[in-house]
Amino acid sequence: MSASYNVVIVGQTGVGKSSLINYLFGKKVVEAGVGRPVTPPGFHPVDSEINGLPICFFDSFGLEVNGYENWILDLNEQFKIRGVDKSAEQWFHSVFYCIQAGGARIQECDTAIIKKFIDEKYKVNVILTKCDQVGEDIEKALKTELHKQIEGLAIISVCSEEIKTRSGGTSEPFGKEEVENQVFNDFFDALILRLPLRCKSVMEDTLKDWVSESRKKVDDNLGVMGWGKNDIEMEIQSAAKKLPSEIQELVNAEVKKTFKMYEAFIIHLGYIPNGYIGGCFGVTKEKNNALLWIKIPVFAVLWPVGLTILVWKIFRDKHNAKEELEVYIGKCEVEIQEIIPILVTNVTKMLETAKLQVTNRH
């Protein structure tokens with residue numbers, strides 16, 4: 001079972017966030033109002049599917065001028081819950097920020113919140129809602145102004161409801177297909193933005209734990225119950241030599257786990273994991289199945305050369321045993337810290353290659 005792909009809908013009160021969700025569902029699933037707050041405070045999950053794939057839309061309460069500070073506090077709490085120190089299924093993967101086209105202007109608080117999401121490494125798109133209310137000239141001007149303030153935004157024009165016109169006709173809803181397509185277009189961008197940082201968090205936590213455990217071993221065991229300096233030296237050196245491989249395996253596992261959770265999305269995008277046979281992973285010799293890390297460790301050819309993990313003799317003076325062990329642990333820590341950014345870059349490059357292969361297939 002694939003994990004849900006999480007999409008958060010945000011914007012000011014009355015711009016049509018709840019109407020957009022109902023439009024995407026094809027039925028009323030959340031309460032919608034007219035220019036008044038109808039969604040209670042918080043971020044509320046609504047499970048759905050697009051093309052048979054699980055999507056969870058988060059309907060957020062509307063941003064209002066007199067409630068800005070509380071809204072930001074709630075958003076910051078969501079950032080903590082869904083930070084890169086958490087596994088991928090807990091993140092927001094796509095952000096759709098709604099701006100009412102009929103308002104005919106971009107407000108400062110809109111761009112401030114969009115930039116806040118971007119700073120937190122989220123893929124942000126803008127939905128111009130109620131586009132039936134404006135002409136093409138105003139719609140184009142709004143898009144131009146948004147691109148001037150924030151480069152690279154995907155901007156989608158939407159009308160979420162059938163509207164009766166004054167002439168007695170109707171204005172049909174539009175934009176649903178474009179929004180759904182953007183959800184899938186965001187998939188690899190979301191991973192590129194956040195999965196390398198998730199791997200960095202895993203590596204830093206592992207290193208921190210190793211340093212803490214090594215120092216505790218020195219404090220607890222040096223000179224106790226027959227433990228001498230040579231015994232502790234051998235244990236710590238042995239653990240230090242294994243540390244690069246352990247970090248590599250943990251990062252490999254994190255990447256594999258993430259792709260396994262979202263394998264249905266990957267396959268839908270036309271990117272067949274290496275070893276994928278009839279809904280499960282097995283052994284295959286087909287060269288065109290691309291996800292090498294499903295079969296081969298991620299960093300089998302990417303682990304930087306030159307990482308030696310210090311193996312020099314630690315002790316010169318038995319009276320300085322603890323001090324020298326501390327120095328050794330510190331030097332090992334620095335050596336790994338210097339390598340972590342390189343590995344983060346390697347993960348990013350691998351994901352960018354995956355995205356490029358998907359793009360080239362379409």
Side-chain angles (χ1 to χ4, degrees), residues 6-21 23-24 33 35-39 41-44 57-84 91-160 175 178-179 181-183 185-186 189-190 192-194 197:
N6 299 325
V7 179
V8 62
I9 311 291
V10 292
Q12 296 189 48
T13 296
V15 298
K17 299 184 299 298
S18 298
S19 296
L20 173 64
I21 291 176
Y23 174 43
L24 295 173
R36 59 185 177 86
V38 294
T39 305
F43 290 72
H44 309 283
F57 288 101
F58 285 80
D59 188 17
S60 65
F61 70 115
L63 172 65
E64 297 183 296
V65 174
N66 59 0
Y68 181 82
E69 290 184 3
N70 287 334
W71 196 93
I72 292 296
L73 287 174
D74 218 9
L75 179 61
N76 287 336
E77 185 61 29
Q78 289 295 314
F79 286 158
K80 289 181 183 178
I81 293 171
R82 305 177 190 284
V84 292
W91 305 339
F92 290 140
H93 304 103
S94 290
V95 178
F96 287 91
Y97 193 91
C98 296
I99 296 175
Q100 183 178 337
R105 67 190 182 94
I106 309 301
Q107 297 187 22
E108 186 177 336
C109 65
D110 292 323
T111 54
I113 292 171
I114 291 171
K115 289 176 181 178
K116 188 173 180 64
F117 272 103
I118 292 172
D119 288 344
E120 292 289 332
K121 303 301 180 184
Y122 286 101
K123 178 67 169 64
V124 183
N125 312 283
V126 169
I127 305 292
L128 288 181
T129 62
K130 306 181 183 182
C131 278
D132 57 294
Q133 298 178 357
V134 300
E136 290 184 6
D137 54 340
I138 293 178
E139 182 184 326
K140 183 178 179 180
L142 288 170
K143 291 181 178 180
T144 299
E145 180 61 27
L146 274 167
H147 282 142
K148 186 187 301 182
Q149 296 188 37
I150 306 172
E151 294 182 2
L153 282 177
I155 306 174
I156 303 171
S157 300
V158 171
C159 171
S160 300
E178 289 83 353
V179 174
N181 287 339
Q182 191 62 44
V183 169
N185 290 341
D186 284 352
D189 287 331
I192 289 167
L193 284 168
R194 297 182 68 80
L197 296 178

Original post:
Say you draw a straight line from CD1 of I118 to CD of E151; how long is it, rounded to the nearest 0.5 Å?
Top reply: 10.5 Å
Original post:
Is any side-chain heavy atom of Y68 less than 4.5 Å from a side-chain heavy atom of I113?
Top reply: yes
Original post:
Is there a side-chain contact between I99 and L142, using heavy atoms and a 4.5 Å cut-off?
Top reply: no
Original post:
So how far is it from E139 CD to E136 CD, rounded to the nearest 0.5 Å?
Top reply: 6.5 Å
**OP:** Check the surroundings of atom NZ in K121: do more than 12 heavy atoms from other residues, nucleotides or ligands lie under 6.0 Å from it?
**Re:** no
**OP:** Give me the one residue out of F92, W91, F79 that meets ring-ring contact (aromatic ring centres under 6.0 Å, His included) with F117.
**Re:** F79
Original post:
Are S160 and T129 close enough that some pair of their side-chain heavy atoms sits under 4.5 Å apart?
Top reply: no
**OP:** For residues K17 and S60, report the shortest heavy-atom separation together with the two atoms involved.
**Re:** CE-O, 3.2 Å
Original post:
Which atoms form the tightest heavy-atom contact between L128 and A101, and what is the distance?
Top reply: CB-CB, 4.4 Å
**OP:** Answer yes or no: is there a side-chain heavy-atom contact under 4.5 Å between H93 and D186?
**Re:** no
**OP:** Report the C-alpha distance between K130 and S19 in whole Å, list the side-chain angles of each, state the deciding distance to 0.1 Å, and finish with yes or no for side chain to side chain donor-acceptor pair (under 3.5 Å).
**Re:** CA-CA 10 Å; K130 306 181 183 182; S19 296; over 6 Å; no
Subject >> Spacing of K115 atom NZ and D119 atom CG [to the nearest 0.5 Å] >> reply: 9.0 Å
Original post:
For Q182 and E178, does a side-chain donor sit closer than 3.5 Å to a side-chain acceptor?
Top reply: no
Original post:
How long is the gap from CD1 on I21 to CZ on F96, to the nearest 0.5 Å?
Top reply: 11.0 Å
**OP:** Sort out for me which residue in D110, L75, D59, V95 forms a side-chain contact (heavy atoms from CB on, under 4.5 Å) with V10.
**Re:** V95
Original post:
For the atom pair CG (L73) and CD (E77), what is the distance rounded to the nearest 0.5 Å?
Top reply: 9.5 Å
Original post:
Of all heavy-atom pairs between C131 and S157, which one has the smallest distance, and what is that distance?
Top reply: SG-CB, 3.6 Å
Original post:
Aromatic ring centroids of Y122 and Y97 under 6.0 Å?
Top reply: no
Original post:
Roughly how far apart are R82 CZ and N6 CG, rounded to 0.5 Å?
Top reply: 6.0 Å
Subject >> Nearest non-hydrogen partners of G14 and Q100, listed with the distance >> reply: O-OE1, 3.4 Å
Original post:
Shortest non-hydrogen contact from V183 to S94?
Top reply: O-OG, 4.2 Å
Original post:
Does Q12 reach the side chain of C109, with side-chain heavy atoms less than 4.5 Å apart?
Top reply: yes
Subject >> Over all atoms of both residues, closest heavy-atom pair of L153 and I114 >> reply: CD2-CG2, 4.2 Å
Subject >> Pairwise side-chain contact, Y23 with V179, heavy-atom cut-off 4.5 Å (strictly under) >> reply: no
**OP:** Decide salt bridge (charged side-chain N to carboxylate O under 4.0 Å, His left out) for K116 and E120; before the verdict, give the C-alpha distance in whole Å, the side-chain angles of both, and the deciding distance to 0.1 Å.
**Re:** CA-CA 6 Å; K116 188 173 180 64; E120 292 289 332; 5.5 Å; no
